[in-house]
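Everything numeric in this text was worked out from a predicted model, so none of it was measured.
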Amino acid sequence: MGENRKTQQSGCQRIAITGPESTGKSQLAEALAKHHATQWVPEYARAYLNGLDRPYHYSDILHIAKQQHEMEMQLCGDTSGYLFCDTDMTVLQIWCEVKYGRCHDFILRTAAAFPYDFTLLCDIDLPWEDDPLREHPHMRQELFNRYLYTLQQQHSPFAVIRGLGEDRFANAINAIDAFFGKHG
């Protein structure tokens, strides 16, 4: 609860960038932060997994979730205005469920206790880019549907972001402006 009050007092508005693998989340988060002259929280999982000298385990996802949340809360406490979060608890929840058939309670509790002000769900309309950390090139539609369903079940305010290049970026800006113009 103390962390939640801290984010409310700082005036931070957390915007999650979520969606399946290879949908441009990192690039979009960084570009939006630059456009709005604010900060963004990088995806902790990428740095963590690149540093492992073994295959990851279920317990690693819990560690990733805790670090991601801690980074968000730290930056949100220091940010007035938008904070763009490259990855959210939805990514970690779906990752756990798909890979292990279950999810850590911490991830579910954190998602419920610290909802984002707004979420951008990146569509799978970008071409797949191979990467050693990406695992499901043939499950893109199924994964997108899981993200969509999860956000709908959470009653989270969100917009689906589509388009290539500058169109995708412009669609994200328009969605943010439209949402915060009505709810800001």
Side-chain angles (χ1 to χ4, degrees), residues 1-8 10 12-30 32-33 38-49 56-79 82-124 133-136 139-140 142-161 172 175-176 179 183:
M1 290 290 188
E3 288 177 356
N4 206 6
R5 266 189 241 112
K6 181 179 177 181
T7 61
Q8 290 172 350
S10 74
C12 176
Q13 294 174 306
R14 292 182 313 134
I15 299 175
I17 316 294
T18 196
E21 302 165 310
S22 194
T23 55
K25 296 183 295 292
S26 299
Q27 183 179 23
L28 187 58
E30 185 174 8
L32 287 168
T38 190
Q39 298 188 72
W40 68 290
V41 183
E43 178 188 16
Y44 178 75
R46 182 160 288 280
Y48 179 79
L49 294 175
Y56 71 86
H57 304 290
Y58 182 65
S59 61
D60 290 313
I61 301 175
L62 177 59
H63 171 77
I64 291 166
K66 289 179 177 181
Q67 292 302 308
Q68 188 74 37
H69 180 68
E70 185 177 313
M71 288 170 27
E72 282 183 23
M73 292 299 104
Q74 178 66 42
L75 282 175
C76 198
D78 298 334
T79 300
Y82 299 140
L83 176 66
F84 294 96
C85 304
D86 172 15
T87 270
D88 64 344
M89 292 297 135
T90 305
V91 169
L92 297 161
Q93 175 186 343
I94 291 172
W95 183 7
C96 279
E97 291 171 352
V98 168
K99 181 81 173 180
Y100 298 103
R102 64 189 196 277
C103 184
H104 295 283
D105 287 340
F106 172 84
I107 293 171
L108 300 173
R109 284 193 319 268
T110 301
F114 298 94
Y116 291 88
D117 295 288
F118 191 53
T119 297
L120 301 177
L121 171 57
C122 295
D123 201 352
I124 58 171
L133 297 179
R134 294 181 179 149
E135 300 176 319
H136 303 292
M139 292 179 61
R140 295 182 88 197
E142 178 185 336
L143 290 170
F144 178 82
N145 293 343
R146 286 182 83 129
Y147 279 91
L148 184 61
Y149 177 80
T150 300
L151 290 172
Q152 290 168 338
Q153 292 303 302
Q154 294 170 350
H155 303 287
S156 300
F158 72 94
V160 176
I161 303 303
I176 292 165
F179 177 77
H183 302 94

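Two residues are said to be in side-chain contact when any heavy atoms from C-beta on lie closer than 4.5 Å; Lys99 and Tyr58 fail this criterion. In this structure, Pro20 and Met139 have side chains that are not in contact, with every pair of non-hydrogen atoms separated by 4.5 Å or more. Side-chain contact between Gln13 and Phe118 is absent, with no heavy atoms from C-beta onward closer than 4.5 Å. Counting heavy atoms from C-beta outward, Leu28 and Thr23 have side chains that stay 4.5 Å or more apart. Between Phe84 and Ile176 the shortest side-chain heavy-atom distance falls below 4.5 Å. Under the 4.5 Å side-chain criterion, counting only non-hydrogen atoms from C-beta, Leu121 is in contact with Phe144.
No hydrogens or angles considered: nothing links the side chains of Tyr116 and Gln154 as a donor-acceptor pair under 3.5 Å. Side-chain contact of His69 with Tyr44: a donor-acceptor pair under 3.5 Å is absent, judged by distance alone.
A salt bridge links Glu72 to Arg14: one of the charged nitrogens lies within less than 4.0 Å of a carboxylate oxygen.
Side chain of Thr87 to backbone of Glu43: no donor-acceptor contact under 3.5 angstrom is found. A donor-acceptor distance shorter than 3.5 angstrom exists from the side chain of Asp60 to the backbone of His57, with no hydrogens or angles considered.
Of all heavy-atom pairs spanning Phe158 and Ser156, the tightest one is CD2-O, 3.1 Å.
Ring-plane geometry between Tyr48 and His63 is classed as tilted, the angle between the planes lying from 30 to 60 degrees on a 0 to 90 degree scale.
With 2.5 angstrom as the limit on SG-SG distance, Cys96 and Cys103 do not come in below it.
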